[in-house]
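Let me begin by presenting the structure, written as structure tokens, before commenting on it.
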Amino acid sequence: MSSEVFFIKDVKEEKLEALLEHAGVGDLTGVVALKMHMGERNNRTFVKPAFIKPIVEAVKKHGGRPFITDTTTIYKEKRYTAMDYYETAFAHGFLPSSLGCPVLIADGLKDDGVPVSEHVEIAKSIYESDSMLVISHATGHCASSFGGALKNVAMGCVTKKTKKYQHEVTRPVLNRDLCTDCDKCREVCKHHAISEAHLINLDECVGCGACIAVCESHALSTPPDMSPNLQKRLAEVASIVLHALPYTNLLYINFLIDITPFCDCAEFAPEYLCPDIGVLASRDIVAVDMATIEMIKTEKFDGDPTIQVREAHRLGLGELDYEIVEI
Ligand code: SF4
Ligand code: SF4
């Protein structure tokens, strides 16, 4: 079986509307979560409010009541709390007055989630919506090779507890023999997860990798098989989230523009993986991510970006085969 993936080359307002109509935006009823990533402060490649406004209007045209949403981060930067995130979102132009709908941080002021399994809590406002449009910026990723719709759901629709569960597999490995006790890792660790003896407290570590980046002697490194393991956790959590949501009206739209090697959590993009391609939309999260990877070209990514997609297919989230329908 194959799934339809709708495609536009030109990212223009009328084209975006036509794309959404073909993909079934009319089925997004009631309160509609527009789940996106509004960019870490100083990131410049997140999906811009100018592209979100026609999406908001398309949802409203069919009677849906949209709100733009995301969750707070596990790492301590400018989206760590809801208040931090509102300031960053507004600085990036996500203003309710210009977009015509509310902006709501889905895990609220207190990292509020609905537990749906041992490790997974869905951010409350996403769980309590009536339908969801997952808006993803397709990028490479330093830990998961690729970030698209699956990652947006797995890492983006959940509380800090569930983000931490996924990041367990990115926690650094220490080779004590190479350590020079320079203390640089302790200086950058905002989670106080490194002891004076430079041992890592795994309960406190959130796997952000900041210490690895500053360890000049390579005493700290990423764990073996980090990317496959993280991709499998992404698929596992996405599956739990999508099966536990009390609604099935879901649509996925991937922007294949400003395609950077790192995700929008990175402050700046040093280069692009490839020129802009367009926008894809589908009801099938597996098909839309597979089409995204193959349009960018699998070999452009660091490692195998399809592990998460194949695992999501195995878990019943969608089809690996797709048919591109150009609008
Ligand atoms: S940065 Fe590396 S070398 Fe320096 S104390 Fe930490 S682990 Fe040891
Ligand atoms: S120990 Fe390293 S990876 Fe863990 S939280 Fe601290 S800086 Fe991040």
Side-chain angles (χ1 to χ4, degrees), residues 37 39-43 70-85 88 105 107 110-111 113 119-121 123 139-147 151-152 154-156 158-234 236-237 260-270 302-303 307-308:
H37 186 319
E40 189 49 79
R41 189 71 71 96
N42 297 326
N43 174 275
D70 195 7
T71 51
T72 59
T73 58
I74 192 176
Y75 59 84
K76 293 182 177 173
E77 292 296 339
K78 305 291 189 196
R79 297 179 303 133
Y80 184 62
T81 66
M83 297 307 283
D84 296 335
Y85 206 149
T88 295
I105 301 307
D107 50 339
K110 300 282 183 192
D111 197 29
H119 299 297
V120 178
E121 291 175 350
T139 65
H141 194 274
C142 58
S144 66
S145 183
F146 165 70
K151 184 163 181 297
N152 198 351
M155 205 61 86
V158 298
T159 62
K160 284 182 168 59
K161 174 186 167 175
T162 309
K163 290 174 203 261
K164 193 170 180 186
Y165 167 66
Q166 293 171 92
H167 275 288
E168 277 176 7
V169 298
T170 70
R171 294 177 301 197
V173 174
L174 171 67
N175 180 341
R176 198 67 190 82
D177 293 342
L178 296 177
C179 178
T180 59
D181 292 320
C182 72
D183 216 34
K184 286 183 181 164
C185 51
R186 265 165 51 85
E187 287 165 18
V188 297
C189 180
K190 294 183 180 176
H191 296 265
H192 309 294
I194 303 177
S195 70
E196 284 181 19
H198 305 117
L199 300 174
I200 295 168
N201 179 342
L202 294 178
D203 288 336
E204 297 301 322
C205 175
V206 300
C208 70
C211 55
I212 300 172
V214 298
C215 181
E216 290 167 3
S217 66
H218 305 292
L220 291 168
S221 57
T222 54
D225 294 328
M226 175 178 71
S227 178
N229 289 339
L230 179 58
Q231 291 191 62
K232 284 177 188 162
R233 287 246 167 141
L234 291 175
E236 174 198 332
V237 172
T260 48
F262 307 124
C263 70
D264 296 339
C265 295
E267 281 193 2
F268 65 94
D302 188 12
I307 293 170
Q308 57 195 283

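Both ligands and their constituent atoms are indexed starting at 1 by order of listing. Source: prediction; values computed, not measured. All values below come from the heavy atoms of this structure, side chains included, with hydrogens, waters and symmetry mates left out.
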Where do [X] and [Y] come nearest, in terms of heavy atoms and distance?
| X | Y | value |
| --- | --- | --- |
| Asn43 | Ala266 | ND2-O, 2.7 Å |
| Val206 | His167 | O-CB, 3.2 Å |
| His198 | Leu174 | O-CD2, 3.1 Å |
| Thr71 | Ala123 | CG2-CB, 3.5 Å |
| Ser144 | Ser227 | C-OG, 3.9 Å |
| Asp107 | Asp70 | OD1-O, 4.3 Å |

Below 4.0 angstrom from a heavy atom of [X], which ligand 1 atoms are there? Numbered from 1 as shown, please.
| X | answer |
| --- | --- |
| Ser217 | 3 (S) |
| Thr180 | 3 (S), 8 (Fe) |
| Leu220 | 7 (S) |
| Cys182 | 1 (S), 3 (S), 4 (Fe), 5 (S) |
| His198 | 5 (S) |

Check this for me: [X], atom [atom1], are more than 12 non-hydrogen atoms of other residues, nucleotides or ligands nearer than 6.0 Å?
| X | atom1 | value |
| --- | --- | --- |
| Lys76 | NZ | yes |
| Asp111 | CG | yes |
| Lys164 | NZ | yes |

So which heavy atom in the protein is nearest [atom], and how far is it from that ligand atom?
| atom | answer |
| --- | --- |
| atom 4 (Fe) of ligand 2 | Cys205 SG, 2.3 Å |
| atom 2 (Fe) of ligand 2 | Cys211 SG, 2.3 Å |
| atom 8 (Fe) of ligand 2 | Cys208 SG, 2.3 Å |

- Query: So, do Lys160 and Tyr80 sit near enough that their side-chain heavy atoms are less than 4.5 Å apart?
  - Reply: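 They are in contact (side-chain heavy atoms under 4.5 Å apart), so the answer is yes.
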
- Any N/O/S atom, backbone or side chain, of Cys215 lying under 2.8 Å from atom 8 (Fe) of ligand 1?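 Not a single backbone or side-chain N, O or S atom of Cys215 is under 2.8 Å from atom 8 (Fe) of ligand 1.
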
Please could you name the atoms of ligand 2 that [X] approaches to less than 4.0 Å, counting only its heavy atoms?
| X | result |
| --- | --- |
| Ile194 | 1 (S) |
| Pro172 | 3 (S) |
| Val206 | 4 (Fe), 5 (S) |

- Heavy atoms only: which of Asp183, Leu178, Asn175 is nearest to atom 5 (S) of ligand 1?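 Among Asp183, Leu178, Asn175, the closest heavy atom to atom 5 (S) of ligand 1 comes from Asp183.
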
- Item | Residue part near ligand 2, for Cys185, under 4.0 Å between non-hydrogen atoms |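 None of Cys185 does.
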
- Task: Could you see which bit of Thr170 sits under 4.0 Å from ligand 2, with heavy atoms only: side chain, backbone, both or neither?
- Result: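 The answer is neither.
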
- For ligand 2, is there an atom lying under 4.0 Å from some heavy atom of Val188?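 For ligand 2, residue contact (heavy atoms, under 4.0 Å) with Val188 is absent.
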
- Item | N, O or S from Cys189 under 2.8 Å to atom 8 (Fe) of ligand 2 |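 Within the cut-off used here (under 2.8 Å), Cys189 places no N, O or S atom near atom 8 (Fe) of ligand 2.
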
- Assess whether side-chain hydrogen bond (donor to acceptor under 3.5 Å, both in side chains) is satisfied between Gln166 and Thr162, documenting all intermediate values. CA-CA 6 Å; Gln166 293 171 92; Thr162 309; over 6 Å; no

